[in-house]
Amino acid sequence: MDKAPERTLRLVIEYDGTAYRGWQRQSDGPSIQEVLEEKVAVMTGGAVGIVGSGRTDAGVHALNQVASFRTTSRIPPLGFLRGLNSLLPADIVVKELDDVDPAFHARRGVKTKIYLYRIFNGLARPAIYRHYAWHIIKPLALDRMRQAAAHLVGTHDFTSFCSVHCDVEDHVRTVSSLLVEGPGNGIVKISVEANGFLRHMVRIIAGTLAETGLGKFAPDDIRDILAAGDRRRAGMTAPACGLFLKEVKY
């Protein structure tokens, strides 16, 4: 039988990141990428390299992570989707799988991403949401948080809002939207859309906005924090459990 031509498959994946060291393969524990590659290899009979739209850190979740890989397998998309989901653990699911243009690359083609951060704002700690939201007991002043968020929209150097261990030199990013919504059923939602994100950027934004809502910062302080280019000036890094990769746009 002639060798089948190579094809590119695109996946949209939802996962609960609680038990994982993040998207990317790690030496100190399981990753989403590792699990997916192992299960795809079972179906294709050979090793594959799966590329994600970007990394998510340990404990971070995804509603719609996008990934791609190349294979010569003849398995049709629906068969691939059903087969993978039968092999994957309950905390990872492939929501969509289809053939795409061979030039498609899940990471290089990204235009913007949307991240969602969730805060459970209430006196009693949540049981159901304990892995999916940051619990803050004191009431948050959402108007102050929204005023602060407005200063972060646009093109800025986000050095103050990235980890000191960030491994990229260019810290300029464009935030096209930053919304603070809620509280609905005690949940405050912070949604951030940008053309790229630095390490811990959304979690530091969420931490700083939350501390603004608690009175530690004034909304206009955000302008000075941005201008300082100093991680020590911004607020805390919010816990990973509240962060979700919501959407990837191409």
Side-chain angles (χ1 to χ4, degrees), residues 6-26 28-73 75-118 129 131-133 189 191-197 199-203 239-250:
E6 195 170 51
R7 57 202 276 231
T8 299
L9 294 177
R10 178 191 70 101
L11 304 86
V12 178
I13 309 146
E14 178 180 307
Y15 55 82
D16 176 343
T18 304
Y20 298 92
R21 297 295 299 159
W23 165 266
Q24 191 168 359
R25 278 184 175 268
Q26 303 288 335
D28 60 347
S31 71
I32 305 296
Q33 181 186 39
E34 176 186 358
V35 172
L36 282 167
E37 288 179 345
E38 288 176 351
K39 303 312 180 187
V40 170
V42 170
M43 296 193 66
T44 62
V48 297
I50 298 180
V51 177
S53 69
R55 304 176 185 179
T56 53
D57 292 332
V60 174
H61 318 293
L63 300 174
N64 294 288
Q65 168 72 287
V66 178
S68 61
F69 68 94
R70 296 179 66 80
T71 181
T72 57
S73 170
I75 303 172
L78 183 57
F80 234 129
L81 184 145
R82 288 175 172 170
L84 276 179
N85 284 334
S86 73
L87 295 171
L88 287 167
D91 50 9
I92 304 174
V93 65
V94 178
K95 299 168 68 175
E96 299 176 24
L97 189 152
D98 49 22
D99 281 288
V100 291
D101 188 288
F104 178 80
H105 190 281
R107 184 177 69 253
R108 295 177 191 150
V110 174
K111 292 182 179 178
T112 64
K113 294 180 189 174
I114 301 175
Y115 276 92
L116 167 67
Y117 195 89
R118 292 161 40 117
Y129 295 121
H131 295 312
Y132 311 111
K189 298 178 180 179
S191 298
V192 189
E193 180 172 1
N195 65 347
F197 291 90
R199 187 177 186 187
H200 294 171
M201 178 173 158
V202 179
R203 291 167 59 191
C241 63
L243 184 58
F244 297 76
L245 174 56
K246 181 179 180 181
E247 185 177 352
V248 184
K249 297 183 178 181
Y250 291 90

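Because the structure is predicted, anything quoted here is derived from the model rather than measured.
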Is any side-chain heavy atom of [X] closer than 4.5 Å to a side-chain heavy atom of [Y]?
{"X": "Ser191", "Y": "Tyr117", "result": "no"}
{"X": "Arg203", "Y": "Pro239", "result": "no"}
{"X": "Leu116", "Y": "Lys189", "result": "yes"}

>> Under the rule for ring-ring contact (aromatic ring centres under 6.0 Å, His included), what residues qualify as partners of Phe244, not counting sequence neighbours?
In response: His61
> Who pairs with Tyr20 by ring-ring contact (aromatic ring centres under 6.0 Å, His included), at least two apart in sequence or on another chain?
Replying inline: none
> Can Val66 and Phe104 be said to form a side chain to side chain contact (heavy atoms under 4.5 Å, CB included), step by step?
Replying inline: CA-CA 11 Å; Val66 178; Phe104 178 80; 4.1 Å; yes
> Taking it one step at a time, do Phe197 and Val202 satisfy side chain to side chain contact (heavy atoms under 4.5 Å, CB included)?
Replying inline: CA-CA 8 Å; Phe197 291 90; Val202 179; 3.4 Å; yes
Taking atom [atom1] of [X] and atom [atom2] of [Y], what is their separation to the nearest 0.5 Å?
{"X": "Ile92", "Y": "Glu14", "atom1": "CD1", "atom2": "CD", "value": "11.0 Å"}
{"X": "Ile13", "Y": "Leu88", "atom1": "CD1", "atom2": "CG", "value": "8.5 Å"}
{"X": "Leu87", "Y": "Leu36", "atom1": "CG", "atom2": "CG", "value": "11.0 Å"}
{"X": "Leu84", "Y": "Leu11", "atom1": "CG", "atom2": "CG", "value": "7.0 Å"}
{"X": "Arg82", "Y": "Ile75", "atom1": "CZ", "atom2": "CD1", "value": "13.5 Å"}
{"X": "Thr112", "Y": "Glu193", "atom1": "OG1", "atom2": "CD", "value": "4.0 Å"}

Sidechain-backbone polar pair: [X] side chain, [Y] backbone, donor-acceptor under 3.5 Å:
{"X": "Asp16", "Y": "Asp91", "value": "no"}
{"X": "Arg7", "Y": "Ser73", "value": "yes"}
{"X": "Arg107", "Y": "Ser68", "value": "no"}
{"X": "Asp99", "Y": "Leu9", "value": "no"}
{"X": "Lys113", "Y": "Lys246", "value": "no"}

At their closest point, which heavy atom of [X] faces which heavy atom of [Y], and how far apart are they?
{"X": "Ala19", "Y": "Pro30", "value": "O-CG, 3.8 Å"}
{"X": "Ser86", "Y": "Gly83", "value": "OG-O, 2.6 Å"}
{"X": "Ala133", "Y": "Cys241", "value": "O-SG, 3.4 Å"}
{"X": "Asp98", "Y": "Pro77", "value": "CA-CB, 4.2 Å"}

> Any chance CZ of Arg199 has more than 12 other-residue heavy atoms, nucleotides or ligands included, within less than 6.0 Å?
Replying inline: yes
>> Quick check on side-chain hydrogen bond (donor to acceptor under 3.5 Å, both in side chains): which of Tyr115, Tyr15, Trp23 does Thr56 satisfy it with?
In response: Tyr15
>> Distance alone, cut at 3.5 Å: any donor-acceptor contact between the side chains of Thr71 and Glu6?
In response: no
>> Looking only at side-chain N and O atoms, does Asn64 offer a donor or acceptor that is under 3.5 Å from a partner on Lys95?
In response: yes
> Residues two or more places apart in sequence or in another chain: which of them pass side-chain contact (heavy atoms from CB on, under 4.5 Å) with Glu247?
Replying inline: Ile114, Lys249
>> Run the side chain to side chain contact (heavy atoms under 4.5 Å, CB included) test on Arg10 and Glu96 for me, step by step, so that the C-alpha distance in whole Å, both residues' side-chain angles and the decisive distance to 0.1 Å come before the verdict.
In response: CA-CA 8 Å; Arg10 178 191 70 101; Glu96 299 176 24; 3.0 Å; yes
>> Run the side chain to side chain donor-acceptor pair (under 3.5 Å) test on Gln24 and Ser31 for me, step by step, so that the C-alpha distance in whole Å, both residues' side-chain angles and the decisive distance to 0.1 Å come before the verdict.
In response: CA-CA 6 Å; Gln24 191 168 359; Ser31 71; over 6 Å; no
>> Let's go through Val51 and Phe69 carefully: what are the C-alpha distance in whole Å and the side-chain angles of both, what is the deciding distance for side chain to side chain contact (heavy atoms under 4.5 Å, CB included) to 0.1 Å, and is it a yes or a no?
In response: CA-CA 6 Å; Val51 177; Phe69 68 94; over 6 Å; no
> Applying ring-ring contact (aromatic ring centres under 6.0 Å, His included), which residue pairs with at least one partner in residues 31-59 are found, sequence neighbours left out?
Replying inline: none
Let me have the donor-acceptor pairs involving side chains of residues 37-44, under 3.5 Å, with sequence neighbours excluded, atom names and distances please.
unit_1 : atom_1 : unit_2 : atom_2 : d
Glu37  : OE1    : Arg25  : NE     : 2.8
Glu37  : OE1    : Arg25  : NH2    : 3.2
Glu37  : OE2    : Ile50  : N      : 2.8
Thr44  : OG1    : Val40  : O      : 3.1
Thr44  : OG1    : Gly46  : N      : 3.4
Thr44  : OG1    : Gly46  : O      : 3.0

> Mind checking what makes salt bridge (Lys or Arg N to Asp or Glu O under 4.0 Å) contact with Arg108, not counting sequence neighbours?
Replying inline: none
